[in-house]
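First the structure, in the form of structure tokens, and then the observations on it.
Start at 1 and go down the list; that is how both ligands and their atoms are numbered. Below, all heavy atoms of this structure are taken into account, side chains as well, without hydrogens, waters or symmetry copies. Quick caveat: nothing in here was measured; it's all calculated off a predicted structure.
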Amino acid sequence: MQNDSRKTCEVCVIGSGPGGAITAALLAEAGMAVILLEEGPFLSQETCAPFSVQEMTMKYRNGGITPAFGKPKVTYVEGCCVGGGSEINSGLYHRTPPAVLESWQKEFALKEASVQAMEPYFARCEAELSVSTMPYSAPAPSLKLHQGATALGWKSMEIPRWYKYEIDSSQASGYLPVRQSMTRTFIPRFLAAGGTIIADTKAHRLLRGSNATWEVNALQKKSQEPINISAEHVFICAGAIQTPLLLLRSHLGSNVGRSLQLHPTIKITAEFPEVINTKDLGVPVHQVKEFSPRLSFGCSISSPPYLALGLLESERAEYAAVASQRMANYYAMITSSARGRISSLPGYDDPLVRYNLQENDFRVFKEGFTKLSQILFESGAVRLFPAVQGVAPVSSPDELPRLLASVVPSKTNVMTIHLFSACPMGEDKSKCALNSFGQLHDLKNLYVNDSSMLCSAPGVNPQGSVMAFARRNVLHFLESRRKA
Ligand SMILES: Cc1cc2nc3c(=O)[nH]c(=O)nc-3n(C[C@H](O)[C@H](O)[C@H](O)COP(=O)(O)OP(=O)(O)OC[C@H]3O[C@@H](n4cnc5c(N)ncnc54)[C@H](O)[C@@H]3O)c2cc1C
């Protein structure tokens, strides 16, 4: 009989986001005995309304706001539940752009990552997640962005998403959109293949066990009881911040946590003269890619709590309650070459995350504020509330110089929902933590298979890249075992 606090398996996967869920499912389906350890709770999508305050409390780490220290600080958002970020995100799907794959091969000596080599992994993920465009008209705030950009002659498009659209006559559109998050896709597949999930349990340290096994020391969050898992192989998939933290805390690996990248993002809340934002708004789907990868624009979640957050810097958060039906949030996202650092602080659970934007990034932010304002005024916006401290709303393009004068590090609210690259893959051991297929250099049977492994910022929404590389690496692992 096995003691409850001691478990044994062939593979322990730590973290059940898009990287961990696909890893665990494919391994279990290949017949391996897999334990999937997840710090957050196991909740169905129906537990709370999407994009609600309740969702932030139940499924986000720290309620959704954690700072990376720098000038300015960058607030970042992480999911913390079974399914990770896939349970709370917008589902916007991109493949890794060809130029990015090329740079990863050249700069990091990443093997087998050409467009042709990656094609089957992207194609399979797209089929399994039902990646598709909407069968009905996009939400009004999304169309506003598209119309404004198109009128200016800038490339704007609907981005496909991992959603299924079930026919439902009770919906205004005639369809019920269902997000194909991990709890809808790879988690049920994992369970059906005989896998075991241990939720509400956090891995704290990894140690070398006897007979070349790995020991995962974990703590159940509610009871504070320890669980120790002995595994032949460990895949760490705890996300771009927590994966390097676990490795640093365990004193494992090199080039870990020193090369964090993210997509720094600034926001504008726009007010229109007419109603554009209704209760069943759903997820905006257009992005302006004319200036990508340097600069991209999109419309963000615009439910009342998100509108209130968007108006905080202009000290008019309460205005969201009055005008929310005429308002929506928009963003400008940049690709920065800055690299941040994650450190483990003795005695503390949370890491110290440092990220300093580069001087040029603020020039790109100013361009972002200018171009996004142009798009929004072109599409009929009457007032813009930029997320810059103390700046009064902007009511016409003539007022843009006043806004731009205030876009300085001490006043600009910078955030991100896209984090990666703190344990990059590749054969160049001077900068990579992992080999080309995710194994830690010189550490047998220990892998990273989540957003940390991406070599640099992809310049597009990252989950498609995370899942395609995770699939590729698991299949490579299984093939290597078969050959051995
Ligand atoms: C609000 C929001 C919107 C987004 N929108 C999009 C989008 O539209 N399109 C897109 O492509 N991407 C989007 N993203 C990004 C996308 O969700 C992430 O890139 C993706 O989830 C990363 O997957 P991952 O497996 O690396 O990590 P995560 O999804 O972060 O999963 C890691 C999991 O590991 C768990 N964990 C962490 N530490 C431990 C530990 N010590 N022990 C046990 N478990 C642990 C966490 O609780 C979490 O569940 C969005 C992200 C957010 C936050």
Looking only at protein heavy atoms, which one is nearest to [atom], and what is the separation?
atom: atom 31 (O) of ligand 1; result: Gly17 CA, 3.4 Å
atom: atom 6 (C) of ligand 1; result: Asn89 CB, 3.5 Å
atom: atom 34 (O) of ligand 1; result: Gly15 CA, 3.2 Å
atom: atom 29 (O) of ligand 1; result: Gly85 N, 2.8 Å
atom: atom 40 (C) of ligand 1; result: Ala203 N, 3.7 Å
atom: atom 8 (O) of ligand 1; result: Leu92 N, 2.9 Å
atom: atom 25 (O) of ligand 1; result: Gly19 N, 2.9 Å

List every atom of ligand 1 that sits less than 4.0 Å from any heavy atom of [X], numbering the atoms from 1 in the order shown and giving each element.
X: Ile14; value: 42 (N), 43 (C)
X: Cys80; value: 47 (O)
X: Asn461; value: 7 (C), 8 (O), 9 (N), 10 (C), 11 (O)
X: Gly79; value: 46 (C), 47 (O), 48 (C)
X: Ser90; value: 5 (N), 8 (O)
X: Ser451; value: 22 (C), 24 (P), 26 (O)

Evaluate whether atom NZ of Lys73 has more than 12 neighbouring non-hydrogen atoms of other residues, nucleotides or ligands under 6.0 angstrom away.
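12 or below, so no.
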Are any of the side-chain nitrogens in [X] or [Y] under 4.0 Å away from the carboxylate oxygens of its partner?
X: Asp200; Y: Lys222; result: yes
X: Glu215; Y: Arg6; result: yes
X: Lys202; Y: Glu38; result: no
X: Glu290; Y: Lys371; result: no

Out of [options], who is nearest to [atom] when you count heavy atoms only?
atom: atom 11 (O) of ligand 1; options: Glu38, Gln463, Met467, Arg249; value: Gln463
atom: atom 21 (O) of ligand 1; options: Gly84, Pro18, Pro462; value: Pro18
atom: atom 1 (C) of ligand 1; options: Ile417, Leu245, Ile241; value: Ile417
atom: atom 30 (O) of ligand 1; options: Ser300, Ser16, Gly239; value: Gly239
atom: atom 43 (C) of ligand 1; options: Arg205, Met453, Glu39; value: Glu39

Can you name the residues that form a side-chain contact (heavy atoms from CB on, under 4.5 Å) with Met56, not counting sequence neighbours?
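Checked Met56 against side-chain contact (heavy atoms from CB on, under 4.5 Å); matches are Tyr60, Tyr306, Leu309.
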Measure from the side-chain N and O atoms of [X] to the backbone N and O of [Y], and report whether any donor-acceptor pair falls under 3.5 Å.
X: Asn435; Y: Phe437; answer: yes
X: Ser452; Y: Thr243; answer: no
X: His286; Y: Pro141; answer: no
X: Gln180; Y: Trp162; answer: no

Phe108 ring centre to Lys431 NZ or CZ under 6.0 Å, with the angle to the axis within 45°?
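Output yes; distance and angle both within limits.
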Can Arg472 be said to sit on top of Phe469's aromatic six-ring, NZ or CZ under 6.0 Å from centre and within 45° of the ring axis?
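Here Arg472 fails the 6.0 Å and 45° test against Phe469.
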Below 4.0 Å, non-hydrogen atoms only: which portion of [X] touches ligand 1? Side chain, backbone, both or neither.
X: Cys81; answer: backbone
X: Thr201; answer: backbone
X: His204; answer: neither
X: Gln242; answer: side chain
X: Ser452; answer: neither
X: Trp162; answer: side chain

Heavy-atom gap [X] to ligand 1 smaller than 4.0 Å:
X: Leu246; answer: no
X: Arg61; answer: yes
X: Phe51; answer: no

Measure from the ring center of Phe477 to the ring center of His233 and say whether it is less than 6.0 Å.
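Yes: the rings meet the under 6.0 Å criterion.
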Using ring-ring contact (aromatic ring centres under 6.0 Å, His included) as the criterion, list what pairs up with His251, not counting sequence neighbours.
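With neighbours one apart ignored, the set is empty.
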Between atom SG of Cys81 and atom CZ of Phe42, what is the distance when rounded to the nearest 0.5 Å?
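Going from the SG atom of Cys81 to the CZ atom of Phe42 covers 10.0 Å.
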With heavy-atom distances below 4.5 Å as the criterion, would you say the side chains of Leu440 and Leu247 are in contact?
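They are in side-chain contact.
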Starting from the C-alpha separation in whole Å, work towards a yes-or-no answer on ring-ring contact (aromatic ring centres under 6.0 Å, His included) for Phe297 and Trp154.
CA-CA 11 Å; Phe297 304 110; Trp154 295 342; 7.1 Å; no
Is the shortest distance from atom 18 (C) of ligand 1 to a protein heavy atom below 4.0 Å?
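For atom 18 (C) of ligand 1 the answer is no, since every protein heavy atom stays at 4.0 Å or beyond.
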Would one find an N or O of Ile88, backbone or side chain, under 3.5 Å from an N or O of ligand 1?
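Among all N and O atoms of Ile88, none is under 3.5 Å from an N or O of ligand 1.
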